[in-house]
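Here is the structure we will look at.
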Amino acid sequence: MPEMTAAVTLIALGSLLLGAIVGWLICARRAEHKRLALKAEWNEQLIAQQKAEKRINNERKNLAAELAAVRTKLNEFTRATDTVTDLPSTGAVEEDATDSVVPSVPVAIGDTADAGEIERLRAALEESYERRDGLRENLNALIERARKLSHSMAEKDDKIFALSRELESWQQRLPPLVERYRESEHNNTIILEQLEAERTLNTELSNTMRTRIMPLRDMQAANSDAAPPTEDSTNGHQSPADLDDLKRIRGVGPVLEKTLNQLGIYSLTQIANFTDDDIERISAELPQFPGRIRRDGWIEQARDLLQ
């Protein structure tokens, strides 16, 4: 019974260990899939950011070209008009190009066409400044988004690094656990085989005891009309009149007691005085209980009970 309990315990431990290994493999697979998904998402965001930066650069180039064209027209108009006074020079216009304020250009009376052209150019310049400011705001927003994205990527990299370390730790711990599980499974197999052998021996013993026609004592009684065997007739053993309860010895049950009686063993004194030859002779008659006499200490128990 203790052997069966130990076998069941080992089987349960093996099942738990197998479940832990399967759970770890599932967690590792999920972590790998998550890492690949995060990497793909980061690549998509990076590509989108690169496209946005390229688009902004193209718009900045177009605005710069438009601004240069406006400045060229202003310079041509300045050179062609001699009635315009206090007009800022080209250098001044270039210095104020970064400001959103467009310099005013006074015109002479009667030059309405030139004044209309100047107003149109001024409106175009203001529109270019507004577009530039809008693009600058978009650029700042993209830079802030890129900064947050970089911070998020750094955090995800840390998580991936931690998962990788945990995965390496499990990979180092897994082989010993698998080896221990295999050893436990092998030991369980051996124990189950031993239990099966014990069960087979018990079945054979039960069948033998049920099919035995006449015990040894009854055969002796049938072959002799004399009184119960004396000490001389039992080869130095005591008679059944001195019958002791052999079940007082730990490891001796009713079946084993009956078998010992059939072999002429009736008292604790006989067992206490067993010699090596007696042990070998009795053990040969008990193949279903190999080594039981020495293993359970029958001689020492019998001597303790006789004291």
Side-chain angles (χ1 to χ4, degrees), residues 16-75 88-104 119-181:
L16 290 175
L17 179 60
L18 181 60
I21 293 172
V22 173
W24 171 81
L25 292 175
I26 293 174
C27 291
R29 185 180 295 276
R30 288 180 178 176
E32 183 65 20
H33 289 170
K34 185 176 181 181
R35 186 182 68 83
L36 294 176
L38 289 175
K39 185 176 180 181
E41 182 180 356
W42 297 340
N43 289 334
E44 291 178 359
Q45 293 180 357
L46 184 59
I47 292 173
Q49 182 181 357
Q50 291 176 352
K51 290 181 179 180
E53 291 179 353
K54 185 176 181 180
R55 180 175 57 81
I56 291 172
N57 291 331
N58 292 334
E59 291 183 358
R60 289 181 63 184
K61 291 180 180 179
N62 294 333
L63 288 176
E66 292 179 3
L67 183 60
V70 170
R71 289 177 178 174
T72 302
K73 290 182 179 180
L74 285 174
N75 293 332
S89 62
T90 304
V93 174
E94 293 179 355
E95 291 176 357
D96 296 336
T98 57
D99 299 332
S100 61
V101 179
V102 180
S104 60
E119 289 298 331
R120 187 182 65 78
L121 293 175
R122 182 181 292 112
L125 185 60
E126 289 178 354
E127 183 181 357
S128 66
Y129 286 156
E130 291 177 358
R131 292 179 61 187
R132 182 201 62 185
D133 294 338
L135 290 174
R136 182 177 296 169
E137 291 178 359
N138 293 335
L139 181 60
N140 293 332
L142 288 174
I143 292 174
E144 182 65 21
R145 183 180 175 186
R147 186 184 63 80
K148 293 181 179 180
L149 182 61
S150 299
H151 181 69
S152 177
M153 292 177 63
E155 292 180 351
K156 293 178 181 179
D157 288 338
D158 294 338
K159 291 182 180 179
I160 291 176
F161 179 74
L163 290 174
S164 300
R165 294 293 299 275
E166 184 177 357
L167 181 61
E168 292 177 358
S169 176
W170 273 105
Q171 287 176 349
Q172 294 176 359
R173 293 164 57 187
L174 183 60
L177 292 176
V178 173
E179 186 64 26
R180 288 176 57 187
Y181 173 74

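Position 1 is the first residue of the sequence, and the numbers go up from there.
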List in chain and number order the residues that pass side-chain hydrogen bond (donor to acceptor under 3.5 Å, both in side chains) with Arg145, two or more places apart in sequence or in another chain; answer none if no residue qualifies. none
Mind checking what makes side-chain hydrogen bond (donor to acceptor under 3.5 Å, both in side chains) contact with Arg165, not counting sequence neighbours? none
Closest approach of Leu177 and Leu17, non-hydrogen atoms and distance? O-CD2, 3.3 Å
Of all the heavy-atom pairs spanning Leu167 and Ala28, show the shortest one and how long it is. CD1-CB, 3.6 Å
Report the distance from atom [atom1] of [X] to atom [atom2] of [Y], rounding to the nearest 0.5 Å.
| X | Y | atom1 | atom2 | result |
| --- | --- | --- | --- | --- |
| Asn138 | Ile143 | CG | CD1 | 11.0 Å |
| Leu63 | Leu135 | CG | CG | 5.5 Å |
| Leu16 | Ile21 | CG | CD1 | 11.0 Å |
| Ile56 | Lys54 | CD1 | NZ | 13.5 Å |
| Asn62 | Leu67 | CG | CG | 12.5 Å |
| Arg60 | Arg136 | CZ | CZ | 8.5 Å |

Apply the side chain to side chain contact (heavy atoms under 4.5 Å, CB included) test between His151 and each candidate in Lys148, Glu155, Arg147; give the one that qualifies. Glu155
If we check side chain to side chain contact (heavy atoms under 4.5 Å, CB included) with Lys156, which of these qualifies: Lys39, Arg35, Glu41? Glu41
Determine yes or no for a side-chain-to-main-chain donor-acceptor pair under 3.5 angstrom, with Ser152 supplying the side chain and Leu149 the backbone. no
Presence of salt bridge, Arg29 and Glu32, under 4.0 angstrom: no
Does the distance from a Lys or Arg side-chain N to an Asp or Glu carboxylate O, for Glu59 and Arg55, drop under 4.0 Å? yes
Working for side chain to side chain contact (heavy atoms under 4.5 Å, CB included), residues Gln45 and Met153: CA-CA 11 Å; Gln45 293 180 357; Met153 292 177 63; 5.6 Å; no
Partner set under salt bridge (charged side-chain N to carboxylate O under 4.0 Å, His left out) for Glu53, not counting sequence neighbours: none
Chi angles and distances behind the side chain to side chain contact (heavy atoms under 4.5 Å, CB included) call for Gln171, Trp24: CA-CA 10 Å; Gln171 287 176 349; Trp24 171 81; 4.1 Å; yes
May I have the step-by-step check of side chain to side chain contact (heavy atoms under 4.5 Å, CB included) for Leu121 and Leu125, ending in yes or no? CA-CA 6 Å; Leu121 293 175; Leu125 185 60; over 6 Å; no
Report, as yes or no, whether the 6.0 Å neighbourhood of atom CD on Glu127 holds more than 12 heavy atoms from other residues, nucleotides or ligands. no
